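In what follows, a single structure is set out as C-alpha cells and then discussed.
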2 protein chains.
Amino acid sequence: MVVESELNTGVLLFLPYRALENRVFAALAEAGFDDFTPAQARVMQRIGPQGTRLTELAEQAQVTKQTAGFLVDQLEKAGYVRRVPDPTDKRARLVCLAEKARAAKDVADAVVAEVEKEWEEHLGKRRMKQLREALTLLREVTDPWA
Amino acid sequence: MVVESELNTGVLLFLPYRALENRVFAALAEAGFDDFTPAQARVMQRIGPQGTRLTELAEQAQVTKQTAGFLVDQLEKAGYVRRVPDPTDKRARLVCLAEKARAAKDVADAVVAEVEKEWEEHLGKRRMKQLREALTLLREVTDPWA
DNA sequence: GACTTTGGTCAGAGCCTCTGACTAATTTGG
DNA sequence: CCAAATTAGTCAGAGGCTCTGACCAAAGTC
C-alpha cells in the first residue's frame, strides 16, 4: 500500500506528536511510573508550580470539568497530586503536584529533550528552529488559551 | 495564570492538530454528517481508494485490530463503508468507502483547505511551506509507516 | 438581600480501547 | 506434500475516558 506523499497538515502534525507521547510514556513506564494513563498525564502536564484549579485544568486540557475531576481523582489516589484549599476562594481547591509527580516530570522532561535533540539532528538546527517558530506563531490562531 | 512561552514541542504540535480536527468536525456536523465520531473518522481517513484491509487500518491508526474492527462495524452500520471480499486472500476483506463517505470527505477536504489557507495567511507563505517541509521530513523518524 | 456567575461534585450513559482466546486461510520449511 | 508458523479477522469481557444533566455552595452584582 502506497501512502501518498501529500498528507494533510493535520496528519502531519499528529504523527510526531503521537511519536513523542509514546516515547515519553515508554520511558516513564520503564522508570517505574506505570500507574497513570495518557489522559491523566495530559491533565497533570498542565498543573502549574503553585497549583492550578480544576476548572482551569479542564479548560486547558479541553475536557469538561467532570472529566478533569475524574482524572484528578485517579492521580490523587495514585499519589501524584494533592488538592489544597484555595486561600482566595472557599469554593475552590488548588491541584498541586506531589513529589512523586515532580520525579516523573524529571524523567519526562529528559526524554522530551532527547527526542527534540534527535529531531534537530534529523532536520538540522535551522529547520528545527523554523518548525518551533512556526508552531509557536500558530498558537495565536489555534490556542484559545494563547 | 501565566502560560510560559516555551512549550515543549509535543504540546506545540498537539494544539494546531486539535484545532484543525475540531474545525473539520464542526463543519461535518453542520453539513449533516453527525453520525460518526472522531475515532471512527481517524480510521475512515486511512481507507485507500481501492479499499484497505482491517489489519492495515489498525496499524496505520495505531490501534489494535479489535478496536479497528469495532469502529469499522459502526461505520458500516452508519453506511459510510462496505466490506468486500479480498480477491487475493480468502481470509481478508477490503474495507471500502461508500458514496456517503466520499461526500463527507469532500466537505472535510474543503475545510482542511480553508484552515490551511488561514494558517498560511497568518504565518506567511514562506513559513507555511517551511512548516510542511519540516513536518514531512519528521515523518522519516516518527512515522513507522513512512 | 435577591440574582447571577463560578468552582466543583454526583449520577448515569455511551464510546473507545485493550487483553486473551479462538477460527480459518496462507505461507514456510523440511 | 505435510506440519508448523504466520496472518486476517472475530468474539467476549473488562476497564478507562468523556459527555450531558442535575445539583450544591461560595462569590460577585445591583
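Lettering of chains follows the sequences in order, A, B, ..., and the numbering in each one begins at 1. Remember, it's a predicted structure, so these values are computed and weren't measured experimentally.
- Between A/T64 and the phosphate of D/dT18, there is no side-chain N or O to OP1/OP2 separation shorter than 4.0 Å.
- For B/E30, the CD atom counts as loosely surrounded, since its 6.0 Å shell holds 12 or fewer non-hydrogen atoms of other residues, nucleotides or ligands.
- Nucleotide D/dT7 holds its C1' atom 16 Å from the CG atom of B/L57, rounded to whole Å.
- A salt bridge between B/E21 and B/R42 is present, with a side-chain N of the basic residue lying under 4.0 Å from a carboxylate O of the acidic one.
- Under a 4.0 Å N-O distance rule, the pair B/E99/B/R82 does not qualify as a salt bridge.
- A distance below 6.0 Å separates the ring centres of B/F25 and B/F36.
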Could you run down nucleotides 8-15 of chain C 5' to 3' and tag each one B, S or - for protein heavy-atom contact under 4.0 Å?
BBB----S
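- In this structure, B/E120 does not pair ionically with B/K129, as no charged nitrogen and carboxylate oxygen lie closer than 4.0 Å.
- Here A/D89 lies in heavy-atom contact (under 4.0 Å) with sugar-phosphate atoms only.
- Defining each end axis of the helix from C/dG1-D/dC30 to C/dG30-D/dC1 as the rotation carrying four pairs' C1' atoms onto the next four, with five pairs an end, the two axes are found to diverge by 40° to 10 degrees.
- Crowding of B/K100 atom NZ: a count of heavy atoms from other residues, nucleotides or ligands under 6.0 Å exceeding 12.
- Tested against A/D86, the residues A/R53, A/R93, A/R91 include a single side-chain contact (heavy atoms from CB on, under 4.5 Å) partner, A/R53.
- With no hydrogens or angles considered, a side-chain donor-acceptor pair links B/T9 and A/R132 at under 3.5 Å.
- In this structure, A/L71 places its CG atom 18 Å from P of D/dG15, rounding to the nearest Å.
- Per the geometry, NZ belonging to A/K77 stands 13 Å off C1' belonging to D/dG16, to the nearest Å.
- Atom pair B/K90:NZ and D/dT10:C1' shows a separation of 20 Å (rounding to whole Å applied).
- Mapping A/T88 and A/R42 onto DNA chain D by nearest heavy atom places A/R42 closer to the 5' end of the strand.
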